[in-house]
A.B. asks: 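One structure follows; several queries about it will come next.
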Amino acid sequence: MTTMNAAISTKGETPILDNGQGVIDPDVYFEVNKAPADLPEFEEKLNAFVDYHKAKNNNVVLITSGGTTVPLENQTVRFIDNFSNGNRGATSAEYFLEAGYAVVFMHRTNSIQPYHRHFIPSQRGFLDYMRPTEEGSVEVRPEYVEKMHQVLLRYEKAKQENRLLLLEFVTLPQYLFKLQSGAKILARLQEKAMYYLAAAVSDFFIPSSKMVEHKIQSRDGGLTLTLDQVPKFLKPLVSNWAAKGLIVSFKLETDTNLLVPKARAALERYGHQVVIGNMLKTRRQTVTFITQHTEKVITLTKEELDTDVEIESKIIPELARIHQNWIKSGSTE
Ligand code: PAZ
């Protein structure tokens, strides 16, 4: 079987771009990759939203949610994806809105969205919530009316108060360009901005300069991919883009022994304020909050799990409390 390199090595031709081990400097990344075509529209919407809430002196949270894709070809037919469906981000958005925040929900296209999540996706399709009436109209099936009414009230309120802005990404480069730009725009709010980085962002990618242009052909047999490491964007986010805001990153692991040490290492390395650690299998019931001097496990009891209590209903009030401290004293404690 022959193998094929999708990432055409350009080592030697572009020595300033990486450290020889395929690690590109975050600043250089934006110079050698193309900004998404809809970036100006993204910025226009976000600028207007931030101006509106700055004038009202509101707290604003930028939530990133869902997984990024990593294209394998410049004219992309195939890409690498990950497991995240955006549940954490969408659920958190609702609790942030309840806590009085304005929410910028930067999410992967077609991932789970606040409020809609209660009905879609689920075992039932959209049409299963409705029924046709004899008068030739459509109505919500009686068993869903109460819940739909409750959710709709909250959704309508968020929209009427202009407190929910939906923005999208799909690929890793789209995410990174929008994160950089979005963080800089929110920085105008200084301490009143929070960055809640729940998206599952790829750690590896193929820079466009190393990607094949056309669809990878299968006629040559198996495929070997060479992926570069994604630059560590938390570093410039913390030190430049979002300097005064409260930055909360997530750390996902599958090996329990690694969770806290890696979360703490991230905190020390990037110097931000909070890391929330979670395990793949238990992420809906247990998280660990790590700040510079504290470590706190938040977990749902059996009763809470049985009555559909969501862990985000505990995460967000805790973060709102930390954020208040941050605004008042520049400290999380
Ligand atoms: O989107 P989801 O609800 O399926 O999963 C949420 C999550 C596990 C992606 C999030 O809680 C998280 O840990 N995000 C950061 C992942 C990481 O890069 O370590």
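Read the numbers this way: they start at 1 and go in the same order the structure lists the ligands and their atoms.
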A.B. asks: Can you label the angle between the W241 ring and the F30 ring as parallel, tilted or perpendicular, going by 30° and 60°?
C.D. replies: perpendicular

A.B. asks: Counting only heavy atoms and a distance below 4.0 Å, can you name the residues contacting ligand 1?
C.D. replies: F83, S84, N85, G86, N87, R88, A198, A199, A200, F250, K251, L252, N278, R283, R284

A.B. asks: Any pair with a residue in residues 173-198 that passes salt bridge (charged side-chain N to carboxylate O under 4.0 Å, His left out), sequence neighbours left out, goes on the list, sorted by first then second residue, please.
C.D. replies: D38-K178, D51-R188

A.B. asks: Just jot down the side-chain contact (heavy atoms from CB on, under 4.5 Å) partners of E168, sequence neighbours excluded, or say none.
C.D. replies: H107, T109

A.B. asks: Identify the two heavy atoms, one from T68 and one from F169, that lie closest to each other, and give their separation to 0.1 Å.
C.D. replies: CG2-CE1, 3.8 Å

A.B. asks: Are D81 and R108 ion-paired here, with the side-chain N under 4.0 Å from a carboxylate O?
C.D. replies: yes

A.B. asks: According to ring pair (Phe, Tyr, Trp, His ring centres under 6.0 Å), does anything in residues 52-90 pair up with another residue at least two apart or in another chain? List the pairs.
C.D. replies: F49-H53

